[in-house]
Protein chains: 2
Amino acid sequence: MNSQTATTKSEPAGCLSTKPYHHGDLHHQCLCAARQLLEENNIASLSLRAVAKKIGVSHTAPYRHFKDKESLLAGIAAIGFRELTTQIAQAVEMHSGDPAAQLLEAGHRYVQMVIENPQCVQLMFGGILPCDDTYPELRESGDLAFDRLKMIIEEGQSMGIFKKAEIELMALTLWSSIHGLSLLFISGSLDEAVAAPVDVHPLTTAVTHLLLDGLKSG
Amino acid sequence: MNSQTATTKSEPAGCLSTKPYHHGDLHHQCLCAARQLLEENNIASLSLRAVAKKIGVSHTAPYRHFKDKESLLAGIAAIGFRELTTQIAQAVEMHSGDPAAQLLEAGHRYVQMVIENPQCVQLMFGGILPCDDTYPELRESGDLAFDRLKMIIEEGQSMGIFKKAEIELMALTLWSSIHGLSLLFISGSLDEAVAAPVDVHPLTTAVTHLLLDGLKSG
DNA sequence: ACCTGAACACCGTTCAAGT
DNA sequence: ACCTGAACACCGTTCAAGT
């Protein structure tokens with residue numbers, strides 16, 4: 001039994017390893033460490049130097065793999081967008097042939113993702129990263145997720161269970177609502193505004209059902 | 001004519017003034033300068049030292065009026081919440097007796113406020129400030145705005161134009177939707193996802209109408 | 001190629017000292 | 001009371017230098 005390999009494998013996901021001079025995986029390790037540090041504190045207090053320290057590398061080493069701090073942040077955001085797309089895709093697979101169930105499941109997964117990675121989501125949608133085409137990888141997955149949403153609605157329309165309003169508008173309304181609900185959850189604003197203790201899952205279900213009422217045909 | 005007063009008054013809102021040793025208004029001037037600097041760049045690059053420099057005061061002077069940087073940020077957020085509440089109140093006054101029109105107007109004003117003060121809104125809802133009762137002033141106005149929203153719905157129900165679902169749930173759905181739509185606007189995500197050029201006002205109207213369909217009685 | 005250490009211009013925050 | 005300057009431990013970023 002190779003003790004070095006064993007040590008690496010037994011790490012809890014902390015991306016630690018016995019570090020050779022060229023460990024080669026620095027790019028991935030930076031993203032991994034940064035993601036952890038980001039969720040532990042917040043966006044403002046994430047420092048490139050702390051990331052380097054966590055991996056056990058000099059504070060200038062990350063510059064081999066990322067142009068600057070912003071570019072590292074963009075890398076984390078990209079991972080988040082990919083994860084969101086995956087979640088929606090899984091929701092669609094799970095309830096194939098039932099658009100309403102697909103939307104409900106996708107909504108739950110979206111909310112769950114936001115609650116589990118609040119700081120990452122703030123990074124994705126918080127206007128810290130530039131909106132232009134500086135990081136094309138970012139918007140591609142967001143785009144993909146929206147397309148999938150539209151496909152669900154299209155199927156619902158052709159099955160006659162959704163009204164035939166403009167697809168893009170219906171998709172936008174659903175996305176906005178679940179997006180807003182998620183962000184209100186993590187902002188803490190709901191704890192004060194809503195009288196009862198905030199119970200994420202049933203609240204998400206209720207909101208979605210109310211929305212679907214507005215989309216129903218007839 | 002007193003040239004000193006004239007100079008102060010003719011400032012475009014930049015909060016500049018000929019500075020006596022005790023200018024007394026430092027608290028307000030800090031908030032004002034910070035708000036400007038915040039919108040000019042973003043939250044991460046707002047520095048207490050830059051704020052002090054903009055007012056023409058030593059970099060430790062703000063500590064007389066704010067415990068730390070976070071407490072200054074909380075002050076800015078509080079102003080934002082108060083402004084949001086005011087906007088909704090004005091929307092209610094403007095269309096008294098017509099709950100649907102009140103909701104539409106409030107939505108437009110909410111979106112407008114977010115678009116004009118994106119960084120401030122990120123501060124208000126971005127999870128940078130602690131959610132607990134460290135800054136009680138913050139949640140009080142948010143609370144007030146939500147109450148007003150519920151009153152609109154209540155009136156609509158008693159007039160028989162809204163369905164009699166749970167008021168809090170209906171209010172939450174509306175708030176989430178408009179909140180989410182606003183944040184998607186400023187995040188730039190829509191520019192990529194939506195095919196047509198994003199036109200804020202008509203899009204907000206369309207989304208609200210779709211939502212109101214779901215809230216209608218009958 | 002990949003990594004390091006010194007250096008620079010910035011931060012937030014504290015504290016003794018000045019008016 | 002209100003403000004200042006020096007000091008401390010942090011930042012991001014650059015660059016010559018090392019393996």
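Hydrogens, waters and symmetry mates play no part in the numbers below; they use all other heavy atoms, side chains included. Throughout, protein chains are lettered first and strands after them, A, B, ... in sequence-line order, and every chain is numbered starting at 1.
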>> Checking ring-ring contact (aromatic ring centres under 6.0 Å, His included) between B:Phe81 and each of B:Phe146, B:Tyr135, B:Phe125, which is the one that passes?
In response: B:Phe125
> Rounded to whole angstrom units, what separation is found between the CD atom of A:Glu70 and the P atom of D:dG12?
Replying inline: 13 Å
> If you check every side-chain atom of A:Tyr63, which of C:dG12, D:dT13, D:dC3 has the closest atom?
Replying inline: D:dT13
> Should C:dC3 form a Watson-Crick or G-U wobble pair with both distances under 3.5 Å, which nucleotide is its partner?
Replying inline: none
> Rounded to whole angstroms, how far apart are CG on B:Asp25 and P on D:dC3?
Replying inline: 11 Å
> Tell me: CG of A:Leu46 to P of D:dC10, nearest whole Å?
Replying inline: 16 Å
> Between A:Arg64 and A:Leu48, who's closer to the 5' end of DNA chain D by nearest nucleotide?
Replying inline: A:Leu48
>> Please report the interatomic distance CG(B:Leu48) to CG(B:Asp68), rounded to the nearest 0.5 Å.
In response: 8.5 Å
>> Can you measure A:Phe66 atom CZ to C:dC3 atom P for me and round it to whole angstrom units?
In response: 12 Å
> A:Thr60 near the nucleic acid: base, sugar-phosphate alone, or nothing, with a heavy-atom cut-off under 4.0 Å?
Replying inline: base
> Of the nucleotides C:dC11, D:dG12, C:dT13, which one has an atom closest to the side chain of A:Lys69?
Replying inline: D:dG12
> Which base, if any, makes a Watson-Crick or G-U wobble pair with D:dA9, both distances under 3.5 Å?
Replying inline: none
> Could you state the NE2-P distance from B:His59 to D:dC2, rounded to the nearest angstrom?
Replying inline: 19 Å
>> Can you see whether A:His108 engages A:Thr205 through a side-chain donor-acceptor pair at a distance of less than 3.5 angstrom?
In response: yes
> Are A:His65 and C:dC3 close enough that a side-chain N or O sits under 4.0 Å from OP1 or OP2?
Replying inline: yes
>> Looking at A:Arg35 and A:Glu116, is any side-chain nitrogen of the basic one under 4.0 Å from a carboxylate oxygen of the acidic one?
In response: no
> Who is the Watson-Crick or G-U wobble partner of D:dA17, with both distances under 3.5 Å?
Replying inline: none
>> Measuring from the side chain of A:Arg49 (C-beta onward, heavy atoms only), which nucleotide among D:dC11, C:dT13, C:dT4 has the closest atom?
In response: D:dC11
> In terms of ring plane angle, is the pair B:Tyr110 and B:His179 parallel, tilted or perpendicular, where the classes change at 30° and 60°?
Replying inline: perpendicular
>> Is there a side-chain contact between A:Ser58 and the phosphate of C:dG5, meaning an N or O under 4.0 Å from OP1 or OP2?
In response: no
> Given atom NZ of B:Lys67 and atom P of C:dC15, what is their separation to the nearest angstrom?
Replying inline: 13 Å
> For B:Leu73 and C:dG12, what is the distance between atoms CG and P respectively, to the nearest whole Å?
Replying inline: 10 Å
>> I need the NZ-P distance between A:Lys53 and D:dG12, as an integer number of Å.
In response: 13 Å
>> Can you identify which nucleotide, out of C:dT4, D:dC11, C:dC11, has its nearest atom closest to the B:Ala50 side chain?
In response: C:dC11
